[in-house]
Amino acid sequence: FPVTICPPKLTRYSKNTDMWEGYPVERDSLLRSWWRSGERNLVVLTGDVHASFAMDLRVNYRDPSTTLGVEWVTPSITSASLDEYQKRWKVRLVERWFRKGDMNPHLKLLNFRDHGFMLVELKRDQAQATWMYEKNILKPRARVSKRLVRRFPYSA
């Protein structure tokens, strides 16, 4: 099957060598290797993009039958997010654009606005990520103000 690394609309932008898209050949090789060896129910944990993501980890991002597992990205705790550079309403528009139509069918969660962290719980037959957000990182005694839970079940 053909492998599509990055949605076509994003390929016109410069590649970030801190992310998967900066290494399409290596990413393709790794994903195909996992696919051929029968690896499934993988959980990839990452961060340092100052945003929250949850997505299906697919060999072909358009084809759900090529899903290998999930990729979960933790937000930054205090490093600037997109809303420190743009007005919040503009950031929400960007989030909607990323979720629009079939551009990123593998994308399950996206948040460019909030700061926080991610808790991951691994059990024998399931993995669960919980994103915890704080609205005001400038408060000396900040409290978690939002909580979002996403689960990915393993096959037994």
Side-chain angles (χ1 to χ4, degrees), residues 4-7 9-10 13 15-24 26-27 30-31 34 39-156:
T4 307
I5 300 302
C6 186
K9 285 187 177 184
L10 295 181
Y13 301 104
K15 302 294 184 227
N16 181 343
T17 56
D18 260 2
M19 300 170 74
W20 274 118
E21 69 210 26
Y23 300 90
E26 293 82 357
R27 179 179 189 269
L30 185 59
L31 293 176
W34 285 336
E39 296 293 336
R40 301 297 184 273
N41 300 320
L42 299 169
V43 177
V44 174
L45 305 174
T46 190
D48 199 26
V49 293
H50 306 202
S52 300
F53 289 94
M55 58 201 101
D56 289 340
L57 184 63
R58 297 178 182 172
V59 177
N60 181 333
Y61 81 100
R62 289 191 178 282
D63 185 356
S65 72
T66 67
T67 299
L68 296 166
V70 293
E71 182 172 3
W72 292 330
V73 181
T74 188
S76 67
I77 292 176
T78 57
S79 297
S81 295
L82 189 58
D83 69 335
E84 270 89 30
Y85 300 107
Q86 296 292 326
K87 294 184 185 294
R88 201 162 180 87
W89 67 268
K90 287 183 180 179
V91 176
R92 287 186 184 275
L93 283 176
V94 170
E95 288 174 344
R96 273 188 240 134
W97 182 75
F98 268 84
R99 288 189 210 107
K100 187 177 179 182
D102 67 347
M103 187 166 113
N104 290 300
H106 60 302
L107 185 63
K108 305 301 179 195
L109 165 73
L110 168 65
N111 183 326
F112 285 135
R113 294 167 276 115
D114 295 313
H115 296 276
F117 56 95
M118 179 177 64
L119 298 174
V120 176
E121 183 179 355
L122 300 175
K123 294 183 180 177
R124 183 176 192 88
D125 61 349
Q126 124 181 3
Q128 175 177 296
T130 304
W131 283 264
M132 310 293 277
Y133 297 115
E134 170 51 50
K135 279 298 194 186
N136 188 343
I137 60 172
L138 301 176
K139 289 181 181 178
R141 287 198 164 89
R143 292 182 164 199
V144 172
S145 59
K146 275 204 254 185
R147 181 180 164 136
L148 179 61
V149 178
R150 297 287 181 169
R151 290 186 176 93
F152 176 73
Y154 284 89
S155 54

Query raised in the report: Any sub-3.5 Å donor-acceptor pair from Trp34's side-chain atoms to Val59's backbone N or O?
Result: no

Report summary line: Glu121 meets the salt bridge (Lys or Arg N to Asp or Glu O under 4.0 Å) criterion, sequence neighbours left out, with Lys123

Query raised in the report: Say you draw a straight line from CD of Glu39 to CG of Leu31; how long is it, rounded to the nearest 0.5 Å?
Result: 12.0 Å

Query raised in the report: Does a salt bridge link Lys108 with Asp56, judged by any charged N lying under 4.0 Å from a carboxylate O?
Result: yes

Requested in this report: For Ser76, check side-chain hydrogen bond (donor to acceptor under 3.5 Å, both in side chains) against everything at least two apart and list the hits.
Outcome: His115

**Report entry** Minimal non-hydrogen separation, Trp131 against Val73, with atom names
**Finding:** NE1-O, 3.0 Å

Requested in this report: To the nearest 0.5 Å, tell me how far Asp63 CG sits from His106 NE2.
Outcome: 13.0 Å

Query raised in the report: Atom OH in Tyr61, atom CG in Asn104: separation rounded to 0.5 Å?
Result: 7.0 Å

Report task. Determine yes or no for a side-chain-to-main-chain donor-acceptor pair under 3.5 angstrom, with Thr66 supplying the side chain and Asn60 the backbone. Result -> yes

Report task. Under the side-chain hydrogen bond (donor to acceptor under 3.5 Å, both in side chains) rule, collect the residues that match up with Glu95, sequence neighbours excluded. Result -> Arg113

**Report entry** Expected output: side-chain Arg92 to main-chain Lys87 donor-acceptor under 3.5 Å
**Finding:** no

Query raised in the report: Of the non-hydrogen atoms in Pro75 and Asp114, which two are nearest, and what is the gap between them?
Result: CB-O, 3.7 Å

Requested in this report: Any chance you could measure Thr46, atom OG1, to Trp72, atom CH2, to the nearest 0.5 Å?
Outcome: 13.5 Å

